[in-house]
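For reference, the structure discussed in these notes is given below.
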Amino acid sequence: MIASMTGYGRGEARGRGVAVAVEIRTVNHRHLETSIRLPVGLWELEPFIKREVQRAISRGRVEVFLHVLSPLAGDREPLVDTALAGKYLKALRAAGKRLKLASALDLSLLVRLPDVVRVEERPVETAPIRPLVKQALLKALRRLAQMRLTEGRRLGQDIRRRVNYIQHRLTPVELAARESWRRQEQQMRLKVADWLGAKEADNRRLVQELISKQLRSDVTEEVVRLRSHLEQFHQLLSAGEPVGRQMDFLLQEIGRELNTLGAKSVDAKLAHQVVGLKEEMEKIREQVQNLE
C-alpha cells in the first residue's frame, strides 16, 4: 500500500506522576529530514526518537514535538543571589543618604531587582520517562501511518486512473502515426512523379526516400517502451513498500519517450494527441511528489 508523505499523528502516555505527548507532522521532501523539538533537559532522548522515526518513515520532512504534560518533580529550582542583593542594598542606601531620602528598603523590593532571583533548570532523570516517551511516540507513528496510508490510497486511485488513460490513448496514437505515414508516402510518390515529369518514376530513389522517412517517423519502439513503463507503474501502485523514488525514475523515462513521440509527430493531429499524454504525465508527476 502506497503512502503519502503528508500526515499528522499524536500519542500520549502516563505513568509515575508524569504525562507526555508526542506530535509528529510530515510534509513532502525528496529525502528524509527529521527535526526534533524537546523540552529543556530531555535532549538526550533525541537519538532514540530519531531512530524510531527512521524505522517508520523513509522519505519526507518530519517534525517531532515532545510535550511533558505533567511537571517533573524537582526539574526547576529558584535561586536567590544574596551577594548581589547585598550589593544592591549597599548601593541603594548610599544613594539614599546622598539624596537625603528616607530608607524604605525591604525584601519585596530587592527580589524585583535584575538577576537577584532566577530559576535554574536542573538535569532531569530521563530513565523514568523514557518508556512513556516510547509509548507515546509509537502511538503517534501508528496514527501518522494510518493518515498517510489513507491519503496515499486516494492519490494512488488518481494516479492509476491517469495511467490507464495514457495506456488507452496509446493505440489511437499508433493508428494516427500509421495514418500520418500513409499520407507522407502518398505525398512522396506525387512529388517523385512531379520531379520526373512524364518519365517513369525512379523506383530505387523512391524506395530509399520512403525508407528514410519511415525510420524517422516510426513510433513502434517508443510505444512499446511506454507500455512497459506504464505496466511497471501499475505494479508499483500495488506494492507494499515506499515507491516514490521508483515512480520518479519511471516518469523520467516516460517523459523521454513522449518527447521522442512529439519530435516524430509531423502530423498536427498526432502532435495534439501526444501533448495530451504529456499533460496527463505532468499531473501524475505532481501526485507522485506527494508519495513516500
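Everything numeric in this text was worked out from a predicted model, so none of it was measured.
- Atom NZ of Lys278 sits in a crowded spot, with more than 12 heavy atoms from other residues, nucleotides or ligands closer than 6.0 Å.
- Other residues, nucleotides and ligands contribute only 12 or fewer heavy atoms inside 6.0 Å of the CZ atom of Arg30.
- Taking both residues in full, the closest heavy atoms of Ala19 and Arg14 are given as CB-NH1, 3.2 Å, listed atom of the first, atom of the second, then distance.
- Every side-chain contact (heavy atoms from CB on, under 4.5 Å) that Gln146 has, sequence neighbours left out, goes to Thr150.
- Transitive grouping of hydrophobic side chains (ILVMFWY, heavy atoms separated by less than 4.5 Å) brings Leu277 and Leu251 into a common cluster.
- The CZ atom of Arg225 lies 11.5 Å from the CG atom of Leu258; values are rounded to the nearest 0.5 Å.
- Checked by atom type and distance alone, the side chain of Thr260 pairs as donor or acceptor with a backbone atom of Arg256 at under 3.5 Å.
- With a 4.5 Å cut-off on side-chain heavy atoms, Gln167 and Glu231 count as touching.
- Leu42 has its side chain out of reach of Val133: every pair of non-hydrogen atoms, C-beta onward, lies at least 4.5 Å apart.
- From Asn164, atom CG reaches atom CZ of Arg160 across 7.5 Å, with rounding to the nearest 0.5 Å.
- Looking at Glu52 and Arg55, a side-chain N of the basic residue comes within less than 4.0 Å of a carboxylate O on the acidic one, giving a salt bridge.
- The shortest side-chain heavy-atom distance between Arg169 and Pro172 falls under the 4.5 Å cut-off.
- Atom CZ of Arg10 and atom CZ of Arg25 lie 10.0 Å apart (nearest 0.5 Å).
- Ion pair Asp158/Arg161 flagged as a salt bridge, since at least one NZ, NE, NH1 or NH2 atom sits closer than 4.0 Å to an Asp/Glu carboxylate oxygen.
- Of all heavy-atom pairs between Ala13 and Leu132, the closest is CB-O, 3.4 Å.
- Heavy atoms from other residues, nucleotides or ligands lying under 6.0 Å from NE2 of His29 number more than 12.
- In terms of heavy atoms, Leu38 sits closest to Ile49 at CD2-CD1, 3.7 Å.
- Taking the side-chain hydrogen bond (donor to acceptor under 3.5 Å, both in side chains) definition, one finds that Glu222 meets it with Lys264, sequence neighbours left out.
- Under the 4.0 Å criterion applied to side-chain N and carboxylate O atoms, Arg154 and Glu151 are assigned as salt-bridge partners.
- Side-chain heavy atoms closer than 4.5 Å link hydrophobic residues (I, L, V, M, F, W, Y) into clusters, and following such links, possibly through other members, connects Trp43 to Leu66.
- The two residues Pro242 and Gln246 come nearest to each other via the heavy atoms O-NE2, 3.8 Å.
- A donor-acceptor pair is defined here as one N or O able to donate and one able to accept, closer than 3.5 Å; no such pair exists between the side chain of Arg162 and the backbone of Glu280.
- Val288 is not listed as a side-chain neighbour of Leu250, based on a closest heavy-atom distance of 4.5 Å or more.
- You'll find the side chain of Gln135 stays beyond 4.5 Å of the side chain of Val20, heavy atoms only.
- Under the 4.5 Å side-chain heavy-atom criterion for Ile, Leu, Val, Met, Phe, Trp and Tyr, Phe65 and Leu144 are members of distinct hydrophobic clusters.
- Heavy-atom minimum distance, Arg143 versus Gly9: CB-CA, 4.2 Å.
- Once rounded to the nearest 0.5 Å, the distance linking CG of Asn28 with CG of Leu291 reads 9.0 Å.
- When hydrophobic side chains of Ile, Leu, Val, Met, Phe, Trp and Tyr are connected at separations under 4.5 Å, Tyr8 ends up clustered with Met147.
- Smallest separation of non-hydrogen atoms from Ile2 and Gly156: CD1-CA, 3.5 Å.
- A distance of 10.5 Å separates CD in Glu279 from CE in Met281, rounded to the nearest 0.5 Å.
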**Request:** With side chain to side chain contact (heavy atoms under 4.5 Å, CB included) as the test, would you mind laying out the steps for Lys283 and Gln287 before giving the verdict?
**Result:** CA-CA 7 Å; Lys283 292 175 182 176; Gln287 298 289 47; 5.9 Å; no
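- Side chain of Thr26 to backbone of Met5: a donor-acceptor contact under 3.5 angstrom is found.
- Ion pairing of Glu63 with Arg37 is present here, as a side-chain N (NZ or NE/NH1/NH2) and a carboxylate O approach within less than 4.0 Å.
- The distance from atom CZ of Arg142 to atom CD1 of Ile24, rounded to the nearest 0.5 Å, is 11.0 Å.
- For the residue pair Arg227/Thr171, the side-chain donor-acceptor check at 3.5 Å is satisfied.
- Considering only heavy atoms from C-beta on, Ile254 stays 4.5 Å or farther from Ile166 through its side chain.
- Side chain to side chain, Glu292 and Ser58 meet the donor-acceptor criterion of an N or O pair below 3.5 Å.
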